[in-house]
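Count residues from 1 along the sequence. Please read these numbers as outputs of a predicted model, since none were measured by experiment.
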Amino acid sequence: TDACVVVNGLRKRFGPTIALDGMSFGVRPGLVTGFAGPNGAGKSTTMRVILGLDAADEGTALIGGRPYRDLRRPLCQVGSLLDASALQPGRTARDHLMWLARSQGLGARRVDAVIEQVGLRTAARRRAGGLSLGMRQRLGIAAALLGDPPVLIMDEPFNGMDPEGIIWIRALLRSLAAEGRAVLVSSHLMSELQDTADHVVVAGRGRVIADASVARLLETA
Ligand code: ADP
Ligand code: ADP
């Protein structure tokens, strides 16, 4: 298989809670792969394990054949949108991106390019604490795009987005995949993924309950 993210048999417990119960799927380059399922299905935990932020009790999550921690320049190889809790509210959005850029050896030109790409030109000069949730999502997406990574992991990017933002992010995700990137995007709403993803992995209770093209999923629904 040519999948560049391969999740195989992940199991994880938090005390008595079984978060992952044999989660397995692949994410291919050139496609938007939706990761659907109700709250608590294990989507975030899977993404955190892929990104090395959480350890699984069993199983593997590989990116281009390696675990995240073994990637040579991880931030340039995998862009991610998790929650924006790392934002320092007193700094401007642009300062935040400059700080992240420096840690990847990137400069102000790249920062201003991603600010433009996510439509934050005016908001980038405001303090991050005053940004709406939709703007903070755009800022998180800008951070994910900084290193121009071939793999993007986006956890609930539609949260807090207004209708215009939802249309914008759909087009963005599709163009990122059309350029050959592997894009994994989670949502608890199938409707958000239906018009965005080529392929959907449906999770339930810590495992995959369907894994098919959107066309096939809609046929069998
Ligand atoms: P989803 O992203 O699909 O909503 P999660 O991966 O966030 O699902 O959660 C899967 C299960 O694991 C849920 O029952 C959740 O409450 C539990 N869980 C996730 N993270 C933690 C944690 N840090 N501590 C305890 N339980 C957790
Ligand atoms: P300073 O805050 O003086 O720039 P450092 O650059 O050493 O000091 O940052 C200390 C820590 O604060 C970093 O490891 C990071 O976790 C956090 N941090 C610094 N700048 C930012 C920023 N712009 N956005 C988010 N976190 C930051």
Side-chain angles (χ1 to χ4, degrees), residues 1-12 19-38 41-56 58-82 140-141 143-159 169-190 192-204 206-218:
T1 147
D2 60 352
C4 62
V5 179
V6 178
V7 170
N8 191 10
L10 293 183
R11 292 181 190 281
K12 178 154 186 83
L20 299 180
D21 189 19
M23 184 74 77
S24 302
F25 62 91
V27 182
R28 277 180 287 159
L31 299 181
V32 176
T33 299
F35 195 12
K43 305 182 298 296
S44 293
T45 303
T46 301
M47 287 175 152
R48 291 178 55 81
V49 170
I50 294 170
L51 294 164
L53 296 167
D54 235 328
E58 270 181 61
T60 54
L62 302 178
I63 298 157
R66 296 158 184 262
Y68 184 88
R69 65 173 182 276
D70 289 355
L71 299 181
R72 208 153 41 88
R73 297 178 68 195
L75 293 169
C76 302
Q77 291 186 36
V78 190
S80 69
L81 176 66
L82 286 167
I141 291 165
L145 295 177
L146 266 179
D148 197 14
V151 177
L152 287 157
I153 308 283
M154 303 274 189
D155 195 7
E156 300 275 0
F158 299 104
N159 272 3
I169 197 168
R170 283 188 167 143
L172 175 74
L173 294 172
R174 299 197 60 83
S175 75
L176 291 168
E179 289 164 1
R181 294 182 184 80
V183 181
L184 179 66
V185 45
S186 73
S187 176
H188 59 288
L189 295 174
M190 187 63 183
E192 288 175 340
L193 296 174
Q194 214 159 283
D195 298 328
T196 313
D198 303 286
H199 199 90
V200 176
V201 174
V202 183
R207 56 169 76 201
V208 171
I209 56 179
D211 183 341
S213 69
V214 169
R216 277 205 35 215
L217 274 179
L218 293 180

How many angstroms lie between CZ in Arg181 and CG in Leu31, if you round to the nearest 0.5 Å? 14.0 Å
Interatomic spacing from CD1 in Ile141 to CD1 in Ile169 - rounded to 0.5 Å: 3.5 Å
Please round to the nearest 0.5 Å and tell me the distance separating atom CZ of Phe35 and atom NE2 of His188. 14.5 Å
In this structure, CD of Glu58 is separated from NZ of Lys12 (nearest 0.5 Å) by 12.0 Å
Of all heavy-atom pairs linking Tyr68 and Gly52, the shortest is CB-N, 4.1 Å
For residues 193-203, run the donor-acceptor check on the side chains, cut-off 3.5 Å, and write out each pair with its distance to 0.1 Å, sequence neighbours left out.
| residue | atom | partner | partner atom | Å |
| --- | --- | --- | --- | --- |
| Thr196 | OG1 | Arg170 | NE | 3.1 |
| Thr196 | OG1 | Glu192 | O | 2.8 |
| Asp198 | OD2 | Val32 | N | 2.7 |
| His199 | NE2 | Asp211 | OD1 | 2.6 |

Keeping Lys43 on the side-chain end and Pro38 on the backbone end, is there a donor-acceptor pair under 3.5 Å? yes
Run through Leu51, Leu152, Val5 and flag the one making a side chain to side chain contact (heavy atoms under 4.5 Å, CB included) with Val78. Leu51
Give me the atom names and distance for the closest heavy-atom approach of Leu217 to Ala210. CD2-CB, 3.9 Å
Quick check for you: to the nearest 0.5 Å, what is the distance between Met47 atom CE and Ser186 atom OG? 4.0 Å
Any donor and acceptor pair, going by atom type alone, linking the side chain of Thr45 with main-chain N or O of Gly42 inside 3.5 Å? no
Using atom types as modelled, flag every donor-acceptor pair under 3.5 Å from a side chain in residues 19-26 to any protein atom, sequence neighbours excluded.
| residue | atom | partner | partner atom | Å |
| --- | --- | --- | --- | --- |
| Asp21 | OD1 | Arg11 | NH1 | 2.8 |
| Asp21 | OD2 | Arg207 | NH2 | 3.1 |
| Ser24 | OG | Gly9 | N | 2.7 |

Roughly how far, to the nearest 0.5 Å, is the OG atom of Ser80 from the CD1 atom of Ile50? 10.5 Å
Exercise: do Asn8 and Thr60 side chains pair donor with acceptor under 3.5 Å: no
Set of side chain to side chain donor-acceptor pair (under 3.5 Å) partners for Gln77, sequence neighbours left out: none
